[in-house]
Peer 1: 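One structure, pasted below without further comment.
Just so it is clear, the model here is predicted, and its values are computed rather than measured.
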Amino acid sequence: MAERLKASVASLSLLVVPCIGVASSAVLVQRAIGPFDVAALACVLGAIALVVRRPAIPPALETRQQSE
């Protein structure tokens, strides 16, 4: 099944796992979310934002413009 997914979709599903882990540990074990947890979640959400955003110029056109 993994070969059917685009790399961006597969990476998104893997990046969400730590967020679910931190949230579930806070709920199930009543573990306090500390500053390191918040920083880690911010990094993960930043990585997700980088994957989700679309480039302004498609890569094929960008390569052609640079070669000209």
Peer 1: Taking a hydrophobic cluster as the set of Ile, Leu, Val, Met, Phe, Trp and Tyr residues connected by side-chain heavy atoms closer than 4.5 Å, whether directly or through intermediates, do Val22 and Leu28 fall within one such cluster?
Peer 2: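 Different clusters.
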Peer 1: Using 0.5 Å steps for rounding, measure from the CG atom of Asp37 to the OG atom of Ser25.
Peer 2: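 Spacing of CG (Asp37) from OG (Ser25) equals 7.0 Å.
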Peer 1: Nearest 0.5 Å, please: how far is CG in Leu45 from CG in Leu50?
Peer 2: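 Nearest 0.5 Å value for the CG-CG distance: 11.0 Å.
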Peer 1: Are Phe36 and Leu41 linked, directly or through other ILVMFWY residues, by side chains that come within less than 4.5 angstrom of each other?
Peer 2: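 No, separate clusters.
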Peer 1: Which heavy atom in Val17 sits nearest to a heavy atom in Ser13, and how many Å separate them?
Peer 2: CG2-O, 3.6 Å
Peer 1: Enter the distance from Leu14:CG to Ile48:CD1 here, rounded to the nearest 0.5 Å.
Peer 2: 10.5 Å
